Enquirer: 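Structure provided below as structure tokens; questions to follow.
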Amino acid sequence: MVDRLANSEANSKRIAVVEGCFGTAGQPLAIPGRVLIGEGVLTKLCRKKPKARQFFLFNDILVYGNIVIQKKKYNKQHIIPLESVTIDTVADEGDLRNGWLIKTPTKSFAVYAATATEKSEWMNHISKCVSDLLEKSGKSPTGEHAAVWVPDSEASVCMRCQKVKFTPVSRRHHCRKCGFVVCGPCSEKKFLLPSQSSKPVRVCEFCYEQLSTEASLPVRSNSYSRTPTSKFLTNNVSDDDDEDDSSD
């Protein structure tokens, strides 16, 4: 079905609508062979609190952005290549239900759907798109992914030293390696994580020691090789560093 719709007028119009909603705040999305599979509002677990985000699943990328005017205007566009994506289910906890992790080498985060059915649809469609891409490219699934950041609300004290209490003066920071919420003294070091940044990024003391030890080891060669809010295509469809947005 995806191949059949790739060059259809209906698909081109749907992608044009998405581009129009992002306007100059987004990148062009229409390229040969790209198909818009589905779209919907998901709750993304951001650093400060869960927030509604508009997601668009294409056959090769996942796009999401902030909702300015529902179905009319979005900003802060993020584009994630699906080839690098792995997903894992998340257990229900309190008000956060029907969730799963979207993990990539550069960024990983949790999202939550309105219903269990919607969650299943999203996960199935994402998995199918990733599988098809890897099969066509002959590549292997991504083994490394960035840590999922622990939300600020889950840590009143530093998760490493267990001593420093967070206040307006003693700010929270996130280790880019483990995702823990840590204090300034416990995260004074930086380390180069090429998959996340071309520059050294903040890491906690514990991860810095681990990374430094691993970097000093000799390299060995290896000869072994609620109301549903999402819509998906079906066969009968015709036509920071430490700021809040750093985890979006």
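Just so it is clear, the model here is predicted, and its values are computed rather than measured. Start at 1 with the first residue, then count along the sequence.
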Enquirer: Mark yes or no for whether Glu19, through its side chain, and Leu29, through its backbone, hold a donor-acceptor pair below 3.5 Å.
Expert: yes

Enquirer: How many angstroms lie between atom OG1 of Thr106 and atom CD1 of Ile80, to the nearest 0.5 angstrom?
Expert: 7.0 Å

Enquirer: Examine distances only and state if a side-chain atom of Gln196 and a backbone atom of Ala146 form a donor-acceptor pair shorter than 3.5 Å.
Expert: no

Enquirer: Donor-acceptor pair, distance only, cut-off 3.5 Å: does the side chain of Asp92 make one with the backbone of Asn98?
Expert: yes

Enquirer: Does Thr213 use its side chain to pair, donor to acceptor, with the backbone of Glu209 at less than 3.5 Å?
Expert: yes

Enquirer: Between Arg172 and Ala155, is there a donor-acceptor pair closer than 3.5 Å when you use the side chain of the first and the backbone of the second?
Expert: yes

Enquirer: Search all heavy atoms of Pro105 against all heavy atoms of Ser195 and return the closest pair with its distance.
Expert: O-OG, 3.2 Å

Enquirer: Just by modelled atom types, is the Ser8 backbone N or O under 3.5 Å from a matching donor or acceptor in the Ser12 side chain?
Expert: yes

Enquirer: Examine distances only and state if a side-chain atom of Asn11 and a backbone atom of Leu36 form a donor-acceptor pair shorter than 3.5 Å.
Expert: yes

Enquirer: Check each of His78, Lys44, Lys76 against Arg53 using the side-chain contact (heavy atoms from CB on, under 4.5 Å) test, and report the only one that passes.
Expert: Lys44

Enquirer: Do Ile79 and Phe22 sit in the same hydrophobic cluster, where Ile, Leu, Val, Met, Phe, Trp and Tyr count as joined when their side-chain heavy atoms come under 4.5 Å apart?
Expert: yes

Enquirer: Which of these, Arg202, His173, Glu205, sits in a side chain to side chain donor-acceptor pair (under 3.5 Å) with Ser187?
Expert: Arg202

Enquirer: Taking side chain to side chain donor-acceptor pair (under 3.5 Å) as the definition, give me every residue that meets it alongside Asp88, ordered by chain and number, with sequence neighbours left out.
Expert: Lys103

Enquirer: Using modelled atom types only, decide if a donor and an acceptor are shared between the side chain of Ser84 and the backbone of Pro81 within a distance under 3.5 Å.
Expert: yes

Enquirer: Working to the nearest 0.5 angstrom, can you tell me the gap between Leu82 CG and Ser131 OG?
Expert: 11.5 Å

Enquirer: Return the orientation label for the His174 and Trp149 ring planes: parallel under 30°, perpendicular over 60°, tilted otherwise.
Expert: parallel

Enquirer: Please go through Val169's hydrophobic cluster and name the other residues, only I, L, V, M, F, W, Y counting, with side-chain heavy atoms under 4.5 Å joining them.
Expert: none

Enquirer: Looking at Asp132 and Lys128, is any side-chain nitrogen of the basic one under 4.0 Å from a carboxylate oxygen of the acidic one?
Expert: yes

Enquirer: Do the ring planes of Tyr64 and Phe55 sit parallel (below 30°), tilted (30 to 60°) or perpendicular (above 60°)?
Expert: parallel

